[in-house]
Amino acid sequence: MDPGDPAELLKDLLGPHGDRPLSKSPAWPSEVADDNSPVEFSVAWNQTEPPSLRILAEVIDAAPGVHANMASTYDFLDRQTARHGLRTDRLDAVRDLFGAACPDAAFALWCSLVFRSGRRPEFKVYFNPEAQGVHRSPGLVAEALTRLGLAASYRAMLDHAARPGELGRLDRLSFFALDLHDGPQSRVKLYVSHHDAQPRDAARAAAVVDEVHAAEVAEFCALAGRVGLFTGRPLVSSYTLTEGLARPTGYSVYVPIRGYVGDDREARERVLELMSRYDLDHDLLDRAIDAVARRPLEQGAGLIAHVALRLGRPRPGLTVYLSAEAYGVASPTHLAA
Ligand code: TRP
């Protein structure tokens with residue numbers, strides 16, 4: 001057995017629930033995916049390297065609960081640290097802050113696995129800034145980023161990311177992510193969800209990052225969503241924060257395309273258009289879709305959950321998120337309408 005094999009790692013992640021028949025209801029109402037599947041797949045393309053496969057996951061304890069799941073996640077990460085030598089200093093510096101989650105929080109801690117061609121798997125964690133309630137999220141994140149030496153870029157980022165007076169209202173700190181590997185590309189990322197936002201709000205959020213063309217961000221949102229105002233699922237921004245720099249160094253925008261299409265055939269067509277604009281290889285998109293889909297694309301909406309544009313460092317490109325749909329398929333909306 002290769003301990004870096006994606007299927008082996010997935011099995012370890014799923015733990016006691018890996019054998020649970022899909023005919024039973026989910027063991028825990030995970031928000032990783034709309035149908036409560038605890039995993040979501042994504043493929044990330046860039047211009048310089050082969051695409052990578054990623055798995056976002058919630059580790060679910062045998063007796064599920066926010067704190068029990070968090071403890072199981074740490075057990076999973078300890079096993080991976082023993083095998084793959086993960087970098088945990090930043091995690092150790094902040095984990096107490098996010099440990100005190102309310103029992104009714106949506107989640108406390110998620111993790112993800114990244115498989116790049118020819119390399120050992122990489123791991124990340126995602127904390128929920130709102131785990132102790134929305135009102136505590138700015139303070140929690142400020143403390144975590146201060147401990148990591150990132151206070152200045154956090155302030156610069158917040159000035160742009162939130163519309164005036166909207167932090168904790170329409171603009172919400174949604175994930176705080178740490179890479180658990182070493183090296184210059186090991187990142188700290190902060191995610192902000194923009195409810196009721198327009199493409200130009202994402203452009204404004206992006207403008208704090210030097211190498212980013214704000215107009216490109218707005219255009220991407222408009223092409224992916226085909227609406228002027230995202231009144232359903234929110235647009236999401238993420239920022240890469242780098243120690244010693246006063247401003248964030250990378251920006252990504254995530255468009256929840258599934259909320260703005262009739263069905264997945266339409267979502268695929270839009271993603272293909274975006275891929276053409278960025279001169280990326282189409283072929284793998286269809287192979288990835290075929291690998292997860294167990295129904296024709298026009299028979300549901302949500303297999304393609306998000307499409308994201310990554311700008312600035314470390315690897316600009318496009319990411320497509322694919323839902324496992326293990327427990328359910330959302331109906332096409334043109335039928336429902
Ligand atoms: N399902 C959640 C959501 O859509 C969390 C999530 C999963 C997410 N993958 C994502 C959020 C990619 C933003 C981008 O919000």
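Start at 1 and go down the list; that is how both ligands and their atoms are numbered. The structure presented is a predicted model; accordingly, all values stated were derived computationally and were not measured.
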*Asks:* Atom 11 (C) of ligand 1: which protein heavy atom is closest, and how many Å away?
*Replies:* His306 CE1, 3.6 Å
*Asks:* Within a reach of under 6.0 Å around CZ of Arg163, are more than 12 heavy atoms found that belong to other residues, nucleotides or ligands?
*Replies:*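 For Arg163, atom CZ is crowded (more than 12 foreign heavy atoms under 6.0 Å).
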*Asks:* List every atom of ligand 1 that sits less than 4.0 Å from any heavy atom of Leu56, numbering the atoms from 1 in the order shown and giving each element.
*Replies:*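 With Leu56 as reference, the close atoms of ligand 1 come out as 7 (C), 9 (N).
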*Asks:* Does the Arg247 side chain pair with the main chain of Val208, one donor and one acceptor, at a distance under 3.5 Å?
*Replies:*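 Yes; judged by distance alone, with no hydrogens or angles, the pair exists.
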*Asks:* Can you tell me if His213 has over 12 outside heavy atoms packed within less than 6.0 Å of its NE2?
*Replies:*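 No, not enclosed.
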*Asks:* Quick one about Asp179 and Ser186 (side-chain donor to acceptor, distance below 3.5 Å, no hydrogens or angles considered), yes or no?
*Replies:*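 Distance-only check fails for Ser186 and Asp179.
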*Asks:* Using non-hydrogen atoms of the residue, decide whether Arg258 is closer than 4.0 angstrom to ligand 1.
*Replies:* yes
*Asks:* For Tyr254 and ligand 1, does the shortest N/O to N/O distance drop below 3.5 Å?
*Replies:* no
*Asks:* Does Glu31 reach ligand 1 with a nitrogen or oxygen that is under 3.5 Å from one of the ligand's nitrogen or oxygen atoms?
*Replies:* yes
*Asks:* If you have a sec, work out which protein heavy atom is nearest atom 6 (C) of ligand 1 and how many Å separate them, to one decimal?
*Replies:* Val32 O, 4.1 Å
*Asks:* So Arg119 and Glu49, side chain to side chain contact (heavy atoms under 4.5 Å, CB included) or not? Walk me through it.
*Replies:* CA-CA 12 Å; Arg119 293 215 230 139; Glu49 289 170 22; 3.6 Å; yes
*Asks:* Decide yes or no for Leu180 and Gln80: does some side-chain heavy atom of the first lie under 4.5 Å from some side-chain heavy atom of the second?
*Replies:* no
*Asks:* Of the protein's non-hydrogen atoms, which lies at the shortest distance from atom 9 (N) of ligand 1, and what is that distance?
*Replies:*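 It is Glu40 OE1, 2.7 Å.
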